[in-house]
Number of protein chains: 2
Amino acid sequence: MSKMTKKERFLATSLKLINEKGFKATTIRDLASSLNCEVANIYNYIDSKQSLLETYLFGISNEFHFAMDTIIDSKISSEEKLKLIIRTHIDLMVKKPYELALLVNEWRNLKEPKLSTFIAEKNTYENKVKTVIKEGMEQGVFRSLDLEIATFTFLSTLRWLHDKNTGYPIKMDPLEIEKQITQFVFSGLCID
Amino acid sequence: MSKMTKKERFLATSLKLINEKGFKATTIRDLASSLNCEVANIYNYIDSKQSLLETYLFGISNEFHFAMDTIIDSKISSEEKLKLIIRTHIDLMVKKPYELALLVNEWRNLKEPKLSTFIAEKNTYENKVKTVIKEGMEQGVFRSLDLEIATFTFLSTLRWLHDKNTGYPIKMDPLEIEKQITQFVFSGLCID
DNA sequence: TATTTACATGAACACTTGTTCATGTAAATA
DNA sequence: TATTTACATGAACAAGTGTTCATGTAAATA
């Protein structure tokens, strides 16, 4: 337990620092001084700086996929599925804001072959979202927009949350955020 | 003219490379070998690696502000203003996809005091968009969503363009993209 | 008690980084 | 023709990088 606690605390501190400075800009010595320990000591916790990034990224990536698969397999309408996708993103933003910011900003720093693996997972996720939207369009529930554009525009509406919620405390009630974004996505800005 | 041509070509090549690898990951030696020239030669064009990034970022930032100010000062409806903002983003994406991607991805690599200046410009821009949306809400043209959320969600819908359009040729007709995104933003996904 | 385990240390490594220097050349300008 | 200008070169630098090493300690386990 104490073993885990120590490593976990290291991982948490690192995550925060990497978010502030960026992965490339954060040196092992930065991590060490932020943890009040010696540089070499860090290698008691991790194999390499790269593996640290990999741990974070594939960690949340898995969480997203797990949630997504649950949603897709459930017997609910396309509209409800999309609502749940929005809810999942906001949930994860509240619970793991730093990991989410990494997912958006730092995945480019992965190296092959992990980079390809990650991109594949990313594409798979996007395709699952695309499928939900496609179903909705075919059922006449969603407007028949270009599928690619609709999917990526939708995903984008969930992305600014990460940019805004790193470092700052989340002021607004998550449920309220969810309500607002759902309304934007489903009904748009205009009244008519 | 030949002076400008040479420097411009250097700037264009650098821009592409920095987009592929990221600013931090792109070394002066990378630039040199990509340009088939010696490392030292690069410093005939630029003062420092940092100044290179600054040139790019403040360059497009200015373009955005210029376009935005024209829109804001024109005597048209809030709805029309928002449409023009969408058009501006897509226009710039088509004309300067690499600069735009930098604007989104690499501004964190600026150093003080340029970083603060950039963030201030960024905030100013976002506030101008916010004002347009606020006007629309007050006039009853736009749905009364939370202003912050509506603004950033709107801006996000224009951001994925950059991610998707670096490196790849833009397949879809810009006018069609504009039409689709405008529809998404104004009317949302749902039919009802 | 003996031995493993978890964590800590500081020096050293091999390498990469941005940048500068002194020098050179070929064309444009005066 | 003389001189400035634009561009090119290769070596060198000082600083910073991730990582490893041999060694140490204090507590948990056997």
Side-chain angles (χ1 to χ4, degrees), chain A residues 1-58 102 105-115, chain B residues 1-58 102 105-115:
Chain A
M1 183 77 162
S2 78
K3 163 191 171 185
M4 268 307 159
T5 298
K6 211 132 199 190
K7 185 173 179 180
E8 294 292 325
R9 192 168 42 179
F10 158 76
L11 285 175
T13 310
S14 306
L15 181 58
K16 217 168 160 183
L17 230 183
I18 290 174
N19 251 295
E20 284 167 19
K21 308 191 63 169
F23 177 72
K24 278 261 172 195
T26 306
T27 70
I28 298 291
R29 285 164 183 81
D30 286 336
L31 293 179
S33 89
S34 168
L35 288 159
N36 285 325
C37 75
E38 296 306 308
V39 173
N41 195 16
I42 288 181
Y43 287 87
N44 288 326
Y45 302 120
I46 57 169
D47 292 334
S48 67
K49 197 190 169 192
Q50 278 298 318
S51 76
L52 184 61
L53 183 63
E54 292 161 10
T55 302
Y56 291 134
L57 292 184
F58 288 100
L102 272 202
N105 297 319
E106 306 288 358
W107 63 266
R108 286 163 215 268
N109 291 309
L110 287 171
K111 288 181 182 171
E112 294 296 355
K114 298 280 182 178
L115 178 59
Chain B
M1 182 78 161
S2 77
K3 163 191 170 185
M4 269 309 160
T5 298
K6 210 128 197 192
K7 185 174 179 178
E8 293 293 324
R9 191 169 43 179
F10 158 76
L11 286 175
T13 310
S14 306
L15 181 58
K16 216 168 158 184
L17 231 183
I18 289 174
N19 251 293
E20 284 167 20
K21 308 192 62 170
F23 177 71
K24 279 260 173 197
T26 305
T27 70
I28 298 291
R29 284 164 184 81
D30 286 337
L31 293 179
S33 88
S34 168
L35 288 159
N36 285 325
C37 76
E38 295 306 306
V39 173
N41 194 18
I42 288 181
Y43 287 86
N44 288 326
Y45 302 120
I46 58 169
D47 292 334
S48 66
K49 197 190 169 191
Q50 278 297 317
S51 76
L52 184 61
L53 183 62
E54 292 161 9
T55 303
Y56 291 133
L57 291 184
F58 287 100
L102 272 201
N105 297 317
E106 306 289 356
W107 63 267
R108 286 164 215 267
N109 291 309
L110 287 171
K111 289 180 181 170
E112 294 295 356
K114 298 281 181 177
L115 179 59

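Values below: all heavy atoms of this structure, side chains included; hydrogens, waters and symmetry mates excluded. What you see is a predicted model, and the numbers here were worked out from it, not measured in a lab. All chains are named by letter (A, B, ...) in the order of the sequence lines, taking the proteins before the strands, and each is independently numbered beginning at 1.
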Undergrad: Would the distance check show the side chain of A/Y45 and the main-chain N or O of A/L11 forming a donor-acceptor pair, the cut-off being under 3.5 Å?
TA: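 Checked: no pair found.
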
Undergrad: Spell out, as yes or no, whether a donor-acceptor pair under 3.5 Å connects the side chain of A/D30 to the backbone of A/T27.
TA: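 Indeed, once roles are kept as given, a pair shorter than 3.5 Å links the two residues.
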
Undergrad: For A/I18 versus A/L102, what's the shortest heavy-atom pair and its separation?
TA: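 Closest pair (atom of A/I18, atom of A/L102, distance): CG2-CD2, 3.7 Å.
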
Undergrad: What's the shortest heavy-atom distance between A/Q50 and A/F23, and which atoms?
TA: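 Distance-wise, the nearest heavy atoms are NE2-CE2, 3.7 Å.
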
Undergrad: What is the separation between atom CG on A/N44 and atom P on D/dT20, rounded to the nearest whole Å?
TA: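 Checked: the CG to P distance equals 12 Å.
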
Undergrad: Whole angstrom is fine here: how far is it from NZ in A/K24 over to P in C/dG18?
TA: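 It works out to 10 Å between those atoms.
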
Undergrad: What integer distance in Å separates B/Y43:OH from D/dA11:C1'?
TA: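 So the two atoms are 15 Å apart, to the nearest Å.
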
Undergrad: Measure CD1/A/I42 against P/C/dG10 and give the value in whole Å, please.
TA: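 Whole-Å distance recorded here is 14 Å.
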
Undergrad: Picking from B/L31, B/D47, B/T26, what satisfies side chain to side chain contact (heavy atoms under 4.5 Å, CB included) with B/L52?
TA: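 When side chain to side chain contact (heavy atoms under 4.5 Å, CB included) is applied between B/L52 and each of B/L31, B/D47, B/T26, only B/L31 qualifies.
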
Undergrad: NZ of B/K49 versus C1' of C/dT16: gap in Å, rounded?
TA: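 The distance from NZ of B/K49 to C1' of C/dT16 comes to 11 Å, rounded to the nearest Å.
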
Undergrad: Could you give me the CA-CA distance, side-chain angles and deciding distance for A/L57 and A/K114, then say whether side chain to side chain contact (heavy atoms under 4.5 Å, CB included) is met?
TA: CA-CA 10 Å; A/L57 292 184; A/K114 298 280 182 178; over 6 Å; no

Undergrad: Anything below 3.5 Å on both distances counts as a pair; with that, list the stems of at least three consecutive Watson-Crick or G-U pairs involving DNA chain D.
TA: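 For DNA chain D the paired stretches long enough to count as stems (3 pairs minimum) are C:1-30 with D:1-30.
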
Undergrad: Between A/N41 and A/E38, does any side-chain donor sit less than 3.5 Å from a side-chain acceptor?
TA: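 Their side chains do not contain a donor-acceptor pair, so the 3.5 Å distance test is not met.
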
Undergrad: Mind calculating the distance between NZ (A/K7) and P (C/dC7) to the nearest angstrom?
TA: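 Rounded to whole Å, this separation is 10 Å.
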
Undergrad: If you take any heavy atom closer than 4.0 Å to DNA chain D, which residues from residues 29-40 of chain A end up in contact?
TA: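 Close to the strand are A/R29, A/V39, A/A40.
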
Undergrad: Give the nucleotide from the list D/dT17, D/dT19, C/dT19 with an atom nearest to the side chain of B/I28.
TA: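 It is C/dT19.
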
Undergrad: Base, sugar-phosphate or nothing for A/T26? Non-hydrogen atoms, less than 4.0 Å.
TA: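 The residue A/T26 makes sugar-phosphate contact but no base contact.
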
Undergrad: Rounded to the nearest Å, what distance is computed from the OH atom of residue A/Y45 to the C1' atom of nucleotide D/dT19?
TA: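 It works out to 17 Å between those atoms.
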
Undergrad: Say whether, by atom type as modelled, one donor and one acceptor occur between the side chain of A/S14 and the main chain of A/F10 under 3.5 angstrom.
TA: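 A pair under 3.5 Å: yes.
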
Undergrad: Kindly determine whether A/L115 and A/W107 satisfy side chain to side chain contact (heavy atoms under 4.5 Å, CB included), including the steps that lead there.
TA: CA-CA 8 Å; A/L115 178 59; A/W107 63 266; 4.0 Å; yes

Undergrad: Round to the nearest Å and state the distance from B/N41 atom CG to D/dA6 atom C1'.
TA: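 Interatomic distance, CG of B/N41 to C1' of D/dA6: 10 Å.
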
